[in-house]
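Since the structure comes first, as structure tokens, the remarks are kept for the end.
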Amino acid sequence: MTHVVVVGAGQAGAACVAKLRNLGFEGLITLIGAESVLPYQRPPLSKKYLLGEMSLERLFLRPKDFYTEQNIDLLLNTDVGAIDSVAKTISVDENKFSYDHLVLATGATPNRLPANIGGELEGVFVVRGLADVDAMAPEFAPGRNVLIVGGGYIGLEAAAVAASKGLKVTLVEASERILQRVAAPETSDFFRELHKQHGVKIVEGVGLSRLSGKARVQMAELTNGQTLEVDFVIAGVGVQPEVSLAEKAGIDLDNGIKTDAYGSTSAQSIWAAGDCASFPYKGAQIRLESVPNAIEQAEVVAENIMGSQKPYNAKPWFWSDQYDVKLQIAGLNVGYDTIVSRESSARVKSFWYYKEDKLLAVDAANAPRDYMVGKRLIEGGKSPRPELVSDVSIDIKDLLHA
């Protein structure tokens, strides 16, 4: 009987096994997860879960009974030691599993602050998994001082939670502005002002020199010579695709585990999906760190395991929740040369990225209609004239027919 083994019980892994059963796959399925809890959503961890507005049970993607009813063998708290791509086996503890198809959905690992600058002191946290957030949650007491290192979306979301819970928040970003790697200056300006209104001190163009304390972090020294008293520190300095298992097996890497348009790796019968995997997109090999990508790519892999030969056609979209602002992003802004702003009010704005006359992406803050129209335009290959986008007297839906 055909056996599909999926390594990684996050969003991609869970989506893959569910899709296989939905498609009528009747063989054996084994889903292996390193964590001790059922597969769960990660985005709410740094938002509603940390705020105490979402329970653990609501994080779970599916109840435990689902895996039993669907005859999916779920192995939690389990690490895979090695892959033998020739024998088609994987090593788990002292046992070996044979597979007909192996799916690597190993996700990503957060970058940590270096040990030689105090990154291993107690009270220094990252935001990635449930254990990370559970460990830091007791630190969020009103009046305490938290330093957040990194002004990307994870760092800003953590700052929003901390400020909302009454903490004194300082965020440092080594680049000249927050969100520099992922967004236009206009989006950076919007979120800088939002955080300022909530009492967050944002320091840009300044990095962290070192953290100090006896066993637990107490002080932070910045690259401008400033020192801060801190009760705890959150590092939001990006992630790296988790490729160690693939690398040891000799599978090709390229900004993650390299896959072709169908999700197949360089090793026969081994596939990859989600944050760990890169794939062809408009002439480049890219990797997307997002829930939609993890689900959609994993479901395409499931279809191709069933023989569909379906290429993955990525339609990138993302979101971030900070305070009462929902940012929705459609498309990829790589290579943009012009930003067009559409402002309905101070708290309802969208920023449209163009390269010459081609629409690439939209950042929509509290502007769901702008987001939906922008997404449809991008996916349809349409680019409305910039002067129409910026004219708020024109109904946004009319851009679909401009």
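Residue numbers count from 1 along this sequence.
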Just checking [X]: does its [atom1] atom have more than 12 heavy atoms from other residues, nucleotides or ligands closer to it than 6.0 angstrom?
| X | atom1 | answer |
| --- | --- | --- |
| Glu120 | CD | no |
| Lys48 | NZ | no |
| Lys375 | NZ | yes |
| Arg216 | CZ | yes |

Is the side chain of [X] donor-acceptor paired with the backbone N or O of [Y] at a distance under 3.5 Å, no angle test?
| X | Y | value |
| --- | --- | --- |
| Arg144 | Phe232 | no |
| Gln268 | Ser85 | no |
| Arg128 | Pro110 | no |
| Asp391 | Ser393 | yes |
| Thr259 | Thr265 | no |
| Thr78 | Leu76 | yes |

Quiz item: salt bridge (charged side-chain N to carboxylate O under 4.0 Å, His left out) between Asp337 and Lys355: does it pass, once the steps are laid out?
Solution: CA-CA 5 Å; Asp337 54 30; Lys355 182 177 183 180; over 6 Å; no
Quiz item: Can you find a heavy atom in the side chain of Leu399 that is under 4.5 Å from one in the side chain of Trp352?
Solution: yes
Exercise. Check whether any side-chain heavy atom of Phe318 sits under 4.5 Å from a side-chain heavy atom of Val182, and report yes or no.
Key: no
Would you name the heavy atoms of [X] and [Y] that are closest together and state the gap between them?
| X | Y | answer |
| --- | --- | --- |
| Leu360 | Ile378 | O-CD1, 3.6 Å |
| Asp84 | Tyr99 | O-OH, 3.8 Å |
| His195 | Ala160 | CE1-N, 3.8 Å |
| Glu242 | Thr109 | OE1-OG1, 2.8 Å |
| Leu228 | Leu147 | CD1-CD1, 4.0 Å |

Quiz item: Between Ser212 and Glu221, does any side-chain donor sit less than 3.5 Å from a side-chain acceptor?
Solution: no
Which pairs of donor and acceptor atoms, one on a side chain in residues 248-256, lie under 3.5 Å apart (sequence neighbours left out)?
unit_1: Lys248; atom_1: NZ; unit_2: Gly81; atom_2: O; d: 2.9
unit_1: Asn255; atom_1: OD1; unit_2: Arg287; atom_2: NE; d: 3.4

Exercise. Only counting residues at least two apart or in another chain, list the ones meeting side-chain hydrogen bond (donor to acceptor under 3.5 Å, both in side chains) with Arg112.
Key: none
Ignoring hydrogens and angles, write down the donor-acceptor pairs under 3.5 Å from the side chains of residues 305-314, residues two or more places apart or on other chains.
unit_1: Ser308; atom_1: OG; unit_2: Glu303; atom_2: O; d: 3.1
unit_1: Lys310; atom_1: NZ; unit_2: Glu303; atom_2: OE2; d: 3.2
unit_1: Tyr312; atom_1: OH; unit_2: Asn293; atom_2: OD1; d: 2.7

Quiz item: Could Asp395 and Arg369 be called an ion pair, given the rule that one side-chain N must be under 4.0 Å from one carboxylate O?
Solution: yes
For residues 49-56, please give each side-chain donor-acceptor pair under 3.5 Å, one per line with the distance, not counting sequence neighbours.
unit_1: Tyr49; atom_1: OH; unit_2: Asp134; atom_2: OD1; d: 2.6
unit_1: Ser55; atom_1: OG; unit_2: Arg58; atom_2: N; d: 3.4

Please tabulate, for the side chains in residues 2-19, all donor-acceptor contacts under 3.5 angstrom to protein atoms that are two or more places apart in sequence or on a different chain.
unit_1: His3; atom_1: ND1; unit_2: Ser98; atom_2: O; d: 2.7
unit_1: His3; atom_1: NE2; unit_2: Thr30; atom_2: OG1; d: 2.8

Practice problem: Can you sort out the partners of Val392 under side chain to side chain contact (heavy atoms under 4.5 Å, CB included), two or more places apart, ordered by chain and number? | Solution: Arg342
